[in-house]
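Structure, as C-alpha cells:
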Amino acid sequence: MNKDQVAQILVEIGTLLELKGENPFKTRAYLNVARTLESLSEPIERIVSENRLGEIKGIGEAIQKKITELVTTGRLEYYEELKASLPEGLLVMLTVPGLGPKKVKALYEKLGITGLDELEMACNEGKVAALDGFGEKTQQKICEGIQFRRTYASRHLLSDALLLAEPILDDLRQHPDVIRCSTAGSLRRFKEIVGDVDFLVSSKNPAEVIEYFTTLPGILSISAKGDTKASVVLEGGIQADLRVVTDAEFPFALAYFTGSKEHNIVMRQRAIQRGLRLNEYGLFKSDAETRDPALLVTCQTEEELFSRLDLAYVPPELREDQGEFLAAEQNDLPRLLEWTELKGSLHNHSNWSDGRNSLEEIATQMRELGCAYWAITDHSKSSFQANGLQPERLLQQLQEIASLNQRLADEEIDFRLLTGTEVDILNEGRLDFDDELLQKLDVVVASIHQGFTQSEAETTKRLIRAAENPFVHMLGHLTGRLLLEREPYKVNQHAVIDACAETGTWIELNGSPLRLDMDWRLWHYAKEKGVKCVVNCDAHRFEHAGYLRLGAGMARKGWLTKTDVVNTQSLDSLRLALQKKRGLRRS
DNA sequence: GCCGTTTTCGGCCCGACTGTTTTCAGTCG
C-alpha cells in the first residue's frame, strides 16, 4: 500500500470520526497526517521499515501503529470496523455543498437517510425542512446541491481555471473602485488541479465591486453575496470567490488567501513567536483579538510581510510548507525558472503523425513566437493509433527538416527545427526503433504508450532500461497520467529518477494541461540527484506552444531554476548537451 | 490524537456568511 492509499484511508477515518461526533481535534489529527503523507517525497514503505514514522510531525503513537499495520498488511482492522459501523452513503452526502458532518449526522439519526436519493426524496417531501436546525432554505439548497453535484465536478484543470480567471482579473483591474487585485488560492499557487478560483480586491467601495463582480458576463449563478465577499458559479461549473478588503489589509489578505493552509499555519506560528498576531487583516503587535490600526505592523506588500517575519519573499508556487521556511530563513530560496527563459520545446508532433500542422507552419509560428528551436518528435511505428512513423518515413522527414533548416540558414534566421522521435518503450523496455536510426536524430524522447496494466516492478524496469540506452535523451510523461481522466500507471518514480541520475538521462516535465508529468512533488528529489528537467509542450498544434507557460509554472513549483532546465540553453549549448550523452561530440 | 522556551495537561487558526435562531451553530475556506 503506497502513501496515497494510506492517506486516503486516514482521510476517511477522519471523516467517519466526524460523522460519529468525535472530538474535532482528534478528527483533524487524522486529516493533518493524511496531508503530510501526500506531500512526502519518500516511499512510505521505506519510512515504515526503517521505523522513522514517529519523526514525522503530527504522527504520534496511535497513528504510527495504524499506518504500520496498513503498510505491512494492506489492511487496518480499526478502519474496517469504523467503516462498517456507518452506512457508506453518508460519505457521499458530505460532498453536497452546504452539508457538513453535523447536518449529515442529524439527517441520518433523525430521518434514517443514508444516501443521496433518499435525501432528495426527503427534501421533496418537505421532511428535511421540518427538522430542528434545518428550514425551507436549507432544504432548497440541499436539492440544488445534489443537482449541482450531478452536473459538475468539483475539481478542475488549472488551465481551464486560468482561462476563466484571467479575463475576470482584467475586468476587475479596470474597475475604477479597484485599487489592487490578484488571484489567490490554489490557482495563484499553480496547483495542477483546483477546486475553485479566488479573487482578492482592495477598494474603498466594496459594495460597488461586489455588485460589479456578481453581474459580470459568464456567471451562471450567485451562491453568496455579502458586504465584503461573494461566491458565484462560472461556466463549466467552477466556483469563484471574491473577497474585498481595504488597501492597507491587501498584502495580509493576499498572503492569507493564497495559502496553503499548511503554509499559513507556520506563518501564524512565526508571528506568535515574535509576540505578534497574524490574520487576514494584518500583523498586530498584540496577542489580543484586535484590529486596532494603532497596533498594526504596516506592510505595503507581501514582501514586507515576509520580511517582518524574518523571511525572504516566498513565491506563491512554493507556499506548500515543503521546506520554503527553512530556505527563506537562510535567504536560500532558488531564483525560480521564468517561462520566458525557455527557448523551445523538445517534444512535439507534426502532421506526419498525429499533430495538426506541417513542418513549415510549425517553423514559421515558433520562430515568430521568439523560440530559438523546436524539436519534431513524431510517434514511432508501434503507435498505430497516432499514425506513428515507419523508419523510411522518418528518414524522409529528416531530409525535409534539413532542407527547411538550410533555407532558414540562407536567410540568416536564428531558428532551427531539430529532428527527433518520441519512441515507444515496448514491453521489457526495448525501443520501437533500433539504435542505428536513433543515432541519426537530434532528440530522442522515450515514452510508454502501451501496457499500462503491468506491475509496478515491470513498468519501472521498462523505464530504467530505456534510460540506459545511450541514444535516449529523456523519458517522456513518466507516469502516463491524464489528470481527472486516467490514473498514472504504477511505477517506482524514485527508482527511475535514480537510474536517470546514473545514466545522465533527462526527465520531461510535460506541459500538456492534462499531464503536467513528472509531478512537481518529485522534482525536488530529482534535482538533488542531479537529474535535469526538460519543459516540453508535447504540442500537437502550434497553439499548444502556450503549454510552455504551464510547464514552467510546474517547474517553479518543483523549485527548479534556469540551470536545472535543459531547454533554457541556446541552440549551440543545447546541441553540445544532446551529444554529450552519446559521447559522440559531432562538430 | 498530537504536542511542548505555556512541556505530560490543556490547548489545538480563525473569520465570513447563511439560515436558523432571537444570540448562535454549521459550513466553508
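These numbers come from a predicted model, not from an experiment. In what follows, chains are A, B, ... by sequence order, proteins preceding strands, each numbered from 1.
- The separation between Q269(A) atom CD and dT6(B) atom P is 12 Å, rounded to whole Å.
- Nucleic acid contact class of Q273(A) (heavy atoms, under 4.0 Å, all strands): none.
- Between the CG atom of D196(A) and the P atom of dG29(B) there is a distance of 6 Å, rounded to whole Å.
- For R277(A), a side-chain nitrogen or oxygen approaches OP1 or OP2 of dC14(B) to under 4.0 Å.
- Between the side chain of E304(A) and the backbone N or O of Q300(A), at least one donor-acceptor pair lies under 3.5 Å.
- In this structure, E280(A) atom CD and dC13(B) atom P are separated by 15 Å, rounded to whole Å.
- Between the side chains of Q322(A) and H524(A), no donor-acceptor pair is found at a separation under 3.5 Å.
- dT8(B) makes up no base pair with any nucleotide shown, lacking Watson-Crick or G-U wobble contacts both under 3.5 Å.
- Around atom CG of N51(A), no more than 12 heavy atoms belonging to other residues, nucleotides or ligands sit under 6.0 Å away.
- The aromatic rings of Y30(A) and Y78(A) lie parallel to each other, their planes meeting at an angle below 30°, with 60° marking the opposite boundary.
- Residue-to-nucleotide proximity on DNA chain B shows that, of Q239(A) and I272(A), the 5′-proximal contact is made by I272(A).
- Rounded to whole Å, the separation between the C1' atoms of dC12(B) and dT6(B) comes to 13 Å.
- Applying a 4.0 Å cut-off to non-hydrogen atoms, the residues of residues 116-136 of chain A that approach DNA chain B are G133(A), F134(A), G135(A), E136(A), listed by residue number.
- If you check every strand for non-hydrogen atoms under 4.0 Å, L99(A) touches sugar and phosphate atoms only.
- Between the side chains of S203(A) and D177(A), no donor-acceptor pair of N or O atoms lies under 3.5 Å.
- D564(A) pairs with exactly one of K527(A), R556(A), K529(A), R335(A) by the salt bridge (charged side-chain N to carboxylate O under 4.0 Å, His left out) rule, that one being K527(A).
- Counting non-hydrogen atoms under 4.0 angstrom, K65(A) reaches nothing in the nucleic acid.
- Other residues, nucleotides and ligands contribute at most 12 non-hydrogen atoms within 6.0 Å of the NZ atom of K102(A).
- In the set dG26(B), dG19(B), dC17(B), dC17(B) carries the atom at the smallest distance from any side-chain atom of K229(A).
- Using modelled atom types and a 3.5 Å distance limit, the side chains of S85(A) and K20(A) yield a donor-acceptor pair.
- dG15(B) and dG10(B): their C1' atoms are spaced 24 Å apart (whole Å).
- K261(A) places its NZ atom 17 Å from the P atom of dC12(B), with the value rounded to the nearest Å.
- Between S231(A) and dG29(B) there is no side-chain polar atom (N or O) within less than 4.0 angstrom of OP1 or OP2.
- Defined by atom type and a distance below 3.5 Å, a donor-acceptor pair is present between the side-chain atoms of E262(A) and S260(A).
- Where T138(A) and G98(A) meet DNA chain B, the nucleotide closest to each residue was compared, and T138(A) sits on the side nearer the 5' end.
- Side-chain contact annotation: E45(A) with S49(A), donor-acceptor N/O pair under 3.5 Å absent.
- In this entry the distance linking CG of L107(A) with P of dG26(B) reads 13 Å, nearest Å.
- If you check residues 51-63 of chain A against DNA chain B, the residues with a heavy atom closer than 4.0 Å are K57(A), G58(A), I59(A), G60(A), E61(A), A62(A), I63(A), listed by number.
- Not one side-chain nitrogen or oxygen of Y281(A) sits closer than 4.0 Å to the OP1 or OP2 atom of dC13(B).
- For DNA chain B, the neighbouring residues in residues 7-33 of chain A, judged by any heavy atom under 4.0 Å, are N23(A), F25(A), K26(A), R28(A), A29(A), Y30(A).
- With 3.5 Å as the limit, one finds no donor-acceptor pair spanning the side chains of Q8(A) and E12(A).
- Put simply, CG on L200(A) is 15 Å from C1' on dG15(B), counting in whole angstrom units.
- Open room surrounds CG on D132(A); 12 or fewer heavy atoms of other groups in view lie less than 6.0 Å from it.
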